[in-house]
Amino acid sequence: MNQLFDIPGAASKISGEVDSVFLYILLVGLFFFVVTQGALIYFALRYRKKKGEPERETPYITSNRALETIWIVIPSILVLSIFYYGYTVYMKMQAPMPGAQEIGVVAKQWLWEFTYPDGRKAVNELHVQTGKPVGLSMTSEDVIHSLYLPDFRIKQDILPGRYTKMYLLPDRPGEYQIFCAEYCGQGHSLMLGKLIVMDAHEYAEWSGRQAGESQAAMPPARRGEELVKNSGCLGCHTTDGSPRVGPSLKGLFGRRVELSDGSSVTADEDYLKESMTDPGAKVVKGYANVMPTFKGTLSDADITDIISYMKTLK
Amino acid sequence: MSEEKAAQSGPGRGYLEEKGWRSWAYTLDHKRIGVMYLFTTLFFFLLGGVFGMLIRLELLTPGPTFFSDQTYNEMFTMHGSMMIFLFIIPGIPSGLGNFLIPLMIGARDVAFPRLNLASYWLFIMGIIVILFSLAHPMDTGWTFYTPYSAKTAASVTVLSFGIFLVGMSSILTGLNFIVTIHQLRATGMSWLRMPLFIWSMYATSIIQVVATPVIGMTFILLAMERLFGIGLFDPDKGGDPLLFQHFFWFYSHPVVYVMILPAMGAISEIIPTFSRKPIFGYKAIAYSSIAIALAGFLVWGHHMFVAGMSVYADVIFSILTFSVAIPTGVKVFNWIATLYKGSISLDSPMLYALTFIFLFIVGGLTGPFLGSLATDVHLTDTYFVVAHFHYTMMGGTVMGLFAGLHYWFPKLTGRMLDERPAKTAWAIIVVGFNITFFTMFITGMQGMPRRFAEYPEKYQAGNVISSIGAAILAFGILVMFYNYVRCMFRGAPAPADPWRGKTLEWTVPSPPPTENFETIPTVTGWPYSYGGKGDGDA
């Protein structure tokens with residue numbers, strides 16, 4: 001059935017159990033569906049008085065104790081069983097997993113920032129290893145968000161000012177979609193992330209590469225392009241000239257831009273840097289002041305490389 | 001109203017006799033006030049529907065095609081808030097309720113006619129204030145969750161005030177109905193001889209009076225948060241955004257029963273009339289209305305299973321939620337049992353009523369997926385929820401309203417509806433509705449979150465199907481409204497009791513005279529003695 005409707009297959013053991021609860025409710029539902037809709041349609045057609053037919057005499061039935069008892073007791077039992085089944089699986093989902101790798105999650109309009117145990121940070125992409133439990137400790141910098149992994153059948157709201165937790169045990173390598181499921185403003189549907197599950201070997205390789213990457217010599221513009229891709233910029237800014245939540249990066253460098261206060265400024269290195277570290281200072285006309293600061297997320301070297309990349313976008 | 005005045009009204013025009021806008025704006029007649037509510041709320045149904053169609057238009061493609069993301073967010077907020085606050089909450093209770101309650105219990109008017117008129121004008125004032133908020137259109141969704149609603153540039157403060165006024169009107173109407181039902185029943189109409197529509201309106205009114213003050217208070221707090229920064233919902237100042245959600249759902253969950261109970265009441269009248277059989281399980285249906293109203297106050301937390309509440313609160317809210325399923329199921333079983341061995345005429349009111357049951361069963365049976373904790377975590381905030389509540393609210397409440405409008409149209413206007421366009425519209429609506437919303441169950445199971453202006457390409461097929469269905473649905477509704485408007489002026493004159501109903505409103509001419517009853521009737525039995533000999537009781 002999952003394939004028929006293109007429903008994502010369960011990506012972990014617990015999500016398989018959620019699917020079983022779903023199937024159970026579906027079976028109980030189908031039973032009632034067939035009984036009630038069957039009776040409804042059958043009666044409506046069987047006892048239908050056709051046009052011109054004389055009125056049939058109808059029996060005077062006002063209640064039936066036995067019948068009414070049955071249709072209170074049986075649904076009550078079935079409904080309680082649904083509750084209990086859903087409850088047991090839910091408690092398993094909520095239980096902390098011993099030895100879980102702690103990942104910090106900061107949600108903000110409109111990107112995900114992940115912090116690995118060794119302090120490394122990543123935006124919108126979280127790499128984890130199969131068979132190793134992960135505990136996400138999540139908080140928000142602005143409004144309420146919700147981290148939703150459809151393949152894992154889990155979601156948890158993320159609130160400002162407190163931490164909520166979510167555990168998962170990835171079983172199958174692959175790339176899984178992360179959505180924000182709680183409406184959070186203009187860019188809500190663009191707040192997309194990826195959970196990348198790797199087997200032990202791949203993960204080790206990726207880890208090593210990450211560690212070496214900071215020293216790796218890459219042309220600045222090339223490195224800037226990677227940073228733009230990996231820092232969530234593309235959620236709001238395009239590189240093809242079309243406006244999205246924010247102005248496009250294409251042809252931006254060196255151009256004169258009109259600001260929301262009526263003045264204008266040339267988009268040079270200083271302006272672009274300021275726009276990344278203090279986005280509210282000079283907002284481009286026609287756009288809302290909604291960009292989060294990247295101060296602390298992007299180093300000065302990162303910003304320089306991003307600007308080098310932007311110079312290539314003519 | 002004096003008796004001379006009533007005598008003046010010519011035959012066949014009844015309460016509609018008097019002309020001129022003053023005769024409407026200053027009227028104390030519950031029937032006229034009911035009609036004004038119907039016109040106002042149906043206008044917002046159509047307007048909200050236009051926004052719904054624009055949403056479906058934009059969702060034809062994954063990226064922004066017709067509207068920007070921001071405009072899309074404003075449109076779904078408009079669609080939701082208009083449909084909920086200006087159509088579905090006041091629609092049946094204030095519209096049909098006002099028109100029918102005094103007629104059905106054998107009274108000349110509601111207990112407080114002046115208060116009734118004040119409620120209507122408060123409602124209109126609320127609407128005007130809400131229209132002012134369009135200066136900076138709302139983009140919060142109809143749920144107004146903080147801190148987003150406290151921070152957005154949209155006119156949340158203005159809108160809060162508007163909804164406060166609309167809520168005030170709702171409270172006063174509920175109060176009026178409770179007193180009317182207690183005090184003004186005709187001689188002999190004991191509680192267990194009341195039509196089931198009255199029982200459901202009584203339950204509805206209790207919820208309106210008890211729950212609505214909470215939303216009024218919540219919106220005042222939200223406005224204060226924005227104006228003075230009191231910080232009740234702001235974590236930086238020691239507040240809690242979850243508190244807003246608790247307040248909000250403490251009203252907004254019970255209020256779904258304000259929406260559905262009156263529709264259930266209408267169905268409970270229509271099914272026995274067209275089956276020529278007494279309603280099965282009268283007491284069960286009557287008491288289940290009250291049970292639903294009371295239990296409905298204890299389940300608000302099921303909107304918040306993933307919001308960050310304590311796990312134990314989740315568990316308790318889940319089990320309480322399932323307790324509402326039982327009285328709801330009982331009603332459905334009773335309606336179906338009423339059909340058994342009936343002599344069923346499938347006229348348009350009956351078709352809509354049977355469709356209500358059909359669609360409401362689908363809506364009801366998809367509820368446990370969301371009430372059960374494990375599956376709710378996956379499905380909440382996805383299109384599965386959107387599908388579920390459109391099946392209960394549109395398939396249920398709105399279909400119940402349509403059934404009621406077809407059933408009482410002769411009484412409201414003194415004219416009959418054309419059956420053929422009514423049935424054509426019905427067929428188109430049923431097809432369009434199911435294509436639109438059944439598909440959303442699947443889109444939701446595939447994981448598409450709601451309130452998404454843009455979506456990954458893999459969801460496009462489902463969205464296109466839903467949009468096509470929506471176009472069909474909209475066409476059906478236009479046919480239906482065309483029929484209403486045409487027959488309001490051109491329909492064949494209606495007899496007093498075209499459907500051979502047994503409730504009291506059918507004993508007076510169509511349309512009823514201003515004072516309703518020449519002499520107040522004496523009631524000697526319950527109103528469902530079909531197929532029986534003489535008057536019976538439950």
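Values below: every heavy atom of this structure, side chains too, minus hydrogens, waters and symmetry copies. A note on names: the letters A, B, ... follow the listed sequences, proteins ahead of strands, and every chain is numbered from 1.
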Side chain / backbone / both / neither for [X] at chain A, heavy atoms under 4.5 Å:
| X | answer |
| --- | --- |
| B/T152 | neither |
| B/T380 | both |
| B/I279 | backbone |
| B/T321 | neither |
| B/T146 | backbone |
| B/P456 | side chain |

[X] versus chain B, heavy atoms under 4.5 Å apart: side chain, backbone, both or neither?
| X | answer |
| --- | --- |
| A/Q156 | both |
| A/I14 | neither |
| A/M91 | side chain |
| A/D151 | neither |
| A/Q109 | side chain |

Please list, one pair per line, the donor and acceptor atoms closer than 3.5 Å that link side chains of residues 25-48 of chain A to other protein atoms, with sequence neighbours excluded.
unit_1 : atom_1 : unit_2 : atom_2 : d
A/T36  : OG1    : A/F32  : O      : 2.6
A/T36  : OG1    : A/F33  : O      : 3.4
A/Q37  : NE2    : B/F358 : O      : 3.0

More than 12 heavy atoms of other groups within 6.0 Å of A/Y87 OH |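 Not more than 12 within 6.0 Å, no.
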
Nearest 0.5 Å, what's the NZ-OG distance between A/K49 and B/S343?
-> 6.0 Å

So how far is it from B/F280 CZ to A/E68 CD, rounded to the nearest 0.5 Å?
->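 Atom-to-atom, B/F280:CZ and A/E68:CD are 4.5 Å apart.
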
Residue among A/I61, A/N64, A/V18 with most heavy-atom pairs under 4.5 Å to chain B =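 Greatest number of close heavy-atom pairs with chain B: A/I61.
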
Max heavy-atom pair count under 4.5 Å with chain B, selected residue of A/M166, A/K155, A/E182 | A/K155

Check the angle between the aromatic planes of A/F179 and B/F452 and answer parallel, tilted or perpendicular using the 30° and 60° thresholds.
-> perpendicular

Using non-hydrogen atoms and a limit below 4.5 Å, what part of residues 187-196 of chain A faces chain B?
->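 The list, in residue order, reads A/H188, A/S189, A/L190.
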
Which atom pair, heavy atoms only, marks the closest approach of B/P368 to A/I82?
-> CB-CD1, 4.3 Å

Please name the pair of heavy atoms, one in B/S372 and one in A/V21, separated by the smallest distance, quoted to 0.1 Å.
-> OG-CG1, 3.8 Å

Which residues pass the side chain to side chain donor-acceptor pair (under 3.5 Å) test with A/T238, sequence neighbours left out?
->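 Expected list: A/D240, A/S248.
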
Test side chain to side chain donor-acceptor pair (under 3.5 Å) applied to B/E454 - qualifying residues, sequence neighbours left out =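 For B/E454 the side chain to side chain donor-acceptor pair (under 3.5 Å) partners, ignoring immediate neighbours, are A/R244.
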
Closest-packed option against chain A by number of heavy-atom pairs under 4.5 Å, given B/G342, B/A453, B/G364 = B/G342

Pair A/E55 + B/R500: basic N to acidic O under 4.0 Å = yes

Do B/D314 and A/Y90 have a side chain donor and acceptor closer than 3.5 Å?
-> yes

Within the side chain of A/R162, is there an N or O that forms a donor-acceptor pair under 3.5 Å with the backbone of B/G308?
->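 Checked: pair present.
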
Measure from the ring center of B/Y145 to the ring center of A/Y183 and say whether it is less than 6.0 Å.
-> no

